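Worksheet: the structure to be examined is printed underneath.
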Amino acid sequence: MLAIFHTILARELTLGLRRKADVLMTLFFCVIVASMFPLAVGPEPALLKTMGAGIIWVAALLASLLSLERLFSADYIDGTLEQMIISRHPLALIVFAKVVAHWLTTGLPLVLISPLLALQYGLEVQDGLVLVATLLIGTPILSLLGAVGAALTLGLRGGGVLISLLVLPLFVPVLIFGAAAVDDAAAGLVIEGHFSLLGAMLVSALILTPWAVASALRISIE
Amino acid sequence: MLQVSGLFCERGDRQLLNGLSFTLKPGQLLHVRGANGAGKTSLLRIIAGLLLPTAGDVLWQGKPTQQQREDYHGDLLYLGHLDGVKGDLSCIENLRIDNELLGAEISEASMMAALEKLGLSGFEEVFAKQLSQGQHRRVGLCRLLMSQAKLWVLDEPFNALDVKAVGLLAGLIEVHLERGGMALLTTHQDVPLSTERVSEITLGQV
């Protein structure tokens with residue numbers, strides 16, 4: 001069981017390393033969006049400080065949305081996805097390995113770059129750390145939920161647009177609680193509630209989405 | 001033993017399979033014939049479990065395949081139109097992943113031997129995207145040497161192969177049948193196999 005998880009994870013990471021442009025694009029997109037805002041709205045420090053967390057969260061969300069279409073499409077086109085579906089191992093486990101790899105190559109870099117972006121918006125160090133923590137819990141939820149959308153729209157023309165329509169409503173709660181946690185921390189309020197909800201979303205997504213993705217892939221491949 | 005009973009399949013508004021039934025016993029090969037668009041690939045994908053039939057059952061060792069998916073897939077090897085070979089991975093890396101997916105658990109040396117047998121020695125570390133179409137196909141065919149599956153489902157396996165590789169593949173199928181394996185294949189070429197084990201069905205005839 002673990003061997004197949006490990007094999008698929010290693011495969012995805014190897015492929016990620018060989019297609020650096022795809023992986024880096026997500027990160028660049030997030031950094032560019034977050035850097036354009038101060039230029040457009042003006043360099044007012046107080047304004048930027050209040051908007052910072054929200055902008056960084058939206059940028060991270062859009063960046064992970066952008067990377068979703070690639071999750072299954074390459075494997076679909078060359079037939080390796082077929083072989084995964086008819087392998088003797090549970091498809092949900094294979095899917096889970098792919099999503100974990102997707103997060104490691106897209107979500108985690110966003111989490112790691114976020115302190116720099118927080119600094120750019122003049123967030124206090126403490127608030128910056130809260131931001132990193134919310135992204136650390138939030139981006140895996142985005143990858144897991146996004147995988148369902150990617151699986152459902154696989155092989156459709158204009159799949160990228162459809163993914164956005166399908167998963168954006170699901171992303172919204174994550175965005176609301178993630179960004180709100182940072183704002184409340186800056187206002188000196190209690191933020192445990194937000195983290196509990198984000199944690200609950202992550203646990204349910206971890207348990208439920210691999211099965212949903214596996215079923216969706218079986219339908220899409222027909 | 002593979003039993004197919006009362007299989008119906010509709011694609012769009014076309015009726016492809018109309019109550020198709022057959023049985024495949026150990027050591028037998030079924031050659032599925034039919035014109036383009038007669039439903040050969042659909043039939044093979046239904047048997048592989050990639051497509052759901054409109055009605056009818058596929059039974060493996062007496063049980064519906066849907067109810068024993070992982071056991072059945074452990075006994076199955078399916079090669080479709082797509083080779084299932086990753087261009088950004090080298091030949092040997094592709095084989096390592098296939099080894100795990102097939103649950104074959106063969107050694108690195110056996111994988112090298114499989115590549116060599118299919119005329120790919122020297123290409124172990126070459127990215128699959130740099131290979132010719134025929135070589136690409138051969139990497140996919142290495143699965144036949146690696147897997148211990150009892151049932152082979154091969155969709156146009158002779159495509160893009162040169163004469164030598166066709167002979168090699170026919171030999172592999174023959175050995176598989178002699179060991180009590182079963183195989184289903186579609187091809188527009190004449191099957192270069194000894195005929196006593198081969199039965200045929202033709203799709204699209206009323």
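Computed from a prediction, not measured in an experiment: that's the story for all the values here. To find a chain, count down the sequence lines: A is the first, B the second, and so on, and within it residues start at 1.
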By a 4.5 Å heavy-atom criterion (distance strictly below it), what part of B:F127 contacts chain A: side chain, backbone, both, or neither?
side chain
Over 12 foreign heavy atoms within 6.0 Å of CZ, A:F28:
no
Could you go step by step and tell me if B:R11 and A:E222 meet the salt bridge (Lys or Arg N to Asp or Glu O under 4.0 Å) rule?
CA-CA 10 Å; B:R11 299 294 268 172; A:E222 289 200 348; 5.2 Å; no
Is a side-chain N or O of B:E70 found less than 3.5 angstrom from the main chain of A:L91, in a donor-acceptor match?
no
Heavy-atom count check: over 12 atoms from other residues, nucleotides or ligands less than 6.0 Å from B:Q61 CD?
yes
Mind running side chain to side chain contact (heavy atoms under 4.5 Å, CB included) on A:I85 and B:L50 for me, showing each step along the way?
CA-CA 8 Å; A:I85 288 178; B:L50 288 166; 4.0 Å; yes
Side chain, backbone, both or neither: which part of B:L77 has a non-hydrogen atom closer than 4.5 Å to chain A?
neither
Those residues at least two apart in sequence (or on a different chain) that pass salt bridge (charged side-chain N to carboxylate O under 4.0 Å, His left out) with B:K40 are none
Look up atom CG in A:L81 and atom CG in B:L82, then write down how far apart they are to the nearest 0.5 Å.
10.5 Å
How about CZ on B:R179, more than 12 heavy atoms from neighbouring residues, nucleotides or ligands closer than 6.0 Å, or not?
no
Side chain to side chain contact (heavy atoms under 4.5 Å, CB included) between B:R45 and A:E82, worked out:
CA-CA 10 Å; B:R45 288 179 73 85; A:E82 261 175 17; 2.7 Å; yes
Answer whether the closest heavy-atom distance between the side chains of A:R218 and B:L52 falls below 4.5 Å.
no
Quick check for you: among B:D83, B:L79, B:V85, which has the greatest number of heavy-atom pairs under 4.5 Å with chain A?
B:V85
Which answer fits A:I77, side chain, backbone, both or neither, if we ask what part of it has an atom under 4.5 Å from a heavy atom of chain B?
backbone
Given the options A:R18, A:R11, A:H89, which has more heavy-atom pairs under 4.5 Å with chain B than any of the others?
A:R18
Closest non-hydrogen atom pair between B:K86 and A:D78, with its separation:
NZ-OD2, 3.0 Å
Take atom CG in A:L2; do more than 12 heavy atoms of anything else shown fall under 6.0 Å from it?
no
Listed by residue number, which members of residues 94-120 of chain B have a heavy atom under 4.5 Å from any heavy atom of chain A?
B:I97, B:E100, B:L101, B:L102, B:G103
Chain B heavy atoms under 4.5 Å from A:A10: which part of the residue, side chain, backbone, both or neither?
neither
Give a yes or no on whether A:H6 atom NE2 has more than 12 heavy-atom contacts from other residues, nucleotides or ligands under 6.0 Å away.
no
Are more than 12 heavy atoms, taken from residues, nucleotides or ligands other than A:F171, located less than 6.0 Å from that residue's CZ atom?
yes
Is B:D71 salt-bridged to A:R88, cutoff N-O under 4.0 Å?
no
All heavy atoms of A:I86 vs all of B:H73, minimum pair found to be O-CB, 3.3 Å
